[in-house]
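Heads up, the thing below is written out as structure tokens.
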Amino acid sequence: MSAQNDDTAQGPNTRLVGAGRRPEWTGTPDHPAAVVNPPVWRASTHLYADMAALRAHPANEDGRFYYGRRGAPTQWALADALTALEPGAAGTVLYPSGVAAMAGALLTVLRPGDVLLMTDNAYEPSRVMGRGLLRDFGIETRWFDPCDPAAFEAAICERTRAVLLESPGSLTMEVQDVPALAATAKARGLVVVLDNTWASPLGFPALQMGADIAVMSLTKHVSGHSDCMMGSASAGPEWYRKLRLRAQGLGNVVSPDDAALMLRGLRTMKVRLDAETASALAIAQWLEGRTEVSRVLCPMLPGSAGHDLWQRDFTGGCGLFSFVLKGGTSEARDALIDALSLFGIGYSWGGFESLATPVDPAAIRTASAWPLPGMDAADRFGVRLSIGLEDTADLITDLDRGLAAWSAAL
Ligand SMILES: *Cc1c(COP(=O)(O)O)cnc(C)c1O
């Protein structure tokens, strides 16, 4: 979709309210902008008035009716809105999930024989993609310490074609120096792909910070209601065009019903993120003061690892962070999570309801230390929290009950 992202004079909430609501997508020629939301255009077949109209139709142009796989105004409005929120983007491609977006982006950038450098704190399915899908297509993935720019530079070789960054990283929340890593990558001719699901463009303008392609799981913050899956990749003109062609080649398409749900979630995204951030910060501070807790992994927390970079580069946060318990056992952690009544047990995040899941980074990482330097080797059992929109005091009461169950089970 064409860029509408140069109106930086307006604040983010104002832009979220207006994004993607083009008059021609919310009305008819004689009554443009007749309704607030782009209607759900359920369509596989698109019809032409006559043969002359069919023959005159431009080949593969954005925002033009052609055939269902290229979408209709509901999907165009969502892509347009996401482009408008991403400074520097010329367009956004939608995918059926965040993982599909990651696969779509990496398969656009990489060719057989290439090496991909992947941050060691990447989302687990991204790691699995490196070991599986990419390897099967003759692409080699190597992992690097997320917080060591020198190790990253040293890992670049002749065949390195791209780098996948994620900041803060899944589970362990390290903030990467994206501008510095991207500058190194650019100097060596690498393409920079960034998983920006945690911050979204509201908290981290990925392309401005040096990424070539910004990938997001819309399933999390944009949906915000735990009932819909989708992914996106936004980029400047060159990569947008390539992403779009590759997505078409792979047959990616999203349903108009899901696009409408995403557009609905998008309107309240900043209000939700701000509320979750404030609540998460208060809860992280409370956890920091607890004797059962070894380390709170939350870059929004003053004094915590990554906070300086977070303050320098980010304009907002979200409700997702982790903490590591002091010593203990896996069974005691199960007791902690089972004792929570307001936190669901589930693998997603970014919804209006709070979630808790166990975190065991040691089993996953290959290129960086865990436990983190300064942490006791016995401090192995982590919990990831996705803070939703419940009242903070109630969530703290719930966690207090959980920590009591942990202590009782030791
Ligand atoms: C959930 C998630 C994804 C994948 O998104 P899906 O929509 O679940 O496929 C990618 N990256 C991160 C950081 C995630 O948390």
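Quantities reported herein were computed from a predicted structural model and do not represent experimental measurements. Whatever order the structure lists ligands and atoms in, that order sets their numbers, starting from 1. For the single chain, residues carry numbers from 1 onward in sequence order. Any value given below was found using the heavy atoms of this structure, including those in side chains, with hydrogens, waters and symmetry copies removed.
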Next on the checklist: Assess the residue pair Asn60 and Gln248 against the criterion (side-chain hydrogen bond (donor to acceptor under 3.5 Å, both in side chains)); give the C-alpha distance rounded to whole Å, side-chain angles, the decisive distance to 0.1 Å, and a yes or no.
Outcome noted: CA-CA 10 Å; Asn60 204 6; Gln248 288 175 356; 2.8 Å; yes
For [X], atoms of ligand 1 separated by under 4.0 Å from a heavy atom:
X: Glu166; value: 13 (C)
X: Ser170; value: 13 (C)
X: Thr219; value: 6 (P), 7 (O)
X: Gly98; value: 4 (C), 5 (O), 6 (P), 7 (O), 9 (O)

Checklist entry - Is there a heavy atom in Met216 that sits closer than 4.0 Å to ligand 1? => result no
Item to check | Test item, Gly231 contacting ligand 1 (heavy atom, 4.0 angstrom) | outcome: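 No, that is not the case, since the closest heavy atom of the residue is not under 4.0 Å from the ligand.
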Item to check | Carboxylate-amine/guanidinium contact Glu331 Arg333, below 4.0 Å | outcome: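 Salt bridge: no.
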Checklist entry - Hey, are Arg312 and Asp177 close enough for a salt bridge, meaning a charged N less than 4.0 Å from a carboxylate O? => result yes
Item to check | Check: Glu86/Asn196 side-chain N/O donor and acceptor closer than 3.5 Å | outcome: no
Next on the checklist: Under a 3.5 Å cutoff, is there a donor and acceptor pairing between the side chains of Thr119 and Gln176?
Outcome noted: yes
Item to check | From CG (Leu336) to CZ (Phe381), nearest 0.5 Å | outcome: 12.5 Å
Item to check | Sub-3.5 Å N/O-N/O distance, Val99 and ligand 1 | outcome: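 Yes; the residue has a nitrogen or oxygen that sits under 3.5 Å from a nitrogen or oxygen of the ligand.
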Next on the checklist: Please work out, at 4.0 Å between heavy atoms, whether the side chain, the backbone, both, or neither of Trp349 comes within that distance of ligand 1.
Outcome noted: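 The answer is the side chain of Trp349.
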Checklist entry - Does ligand 1 have a heavy atom under 4.0 Å from the side chain of Asp195, from its backbone, from both, or from neither? => result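 Within the 4.0 Å criterion, Asp195 contacts ligand 1 through side-chain atoms alone.
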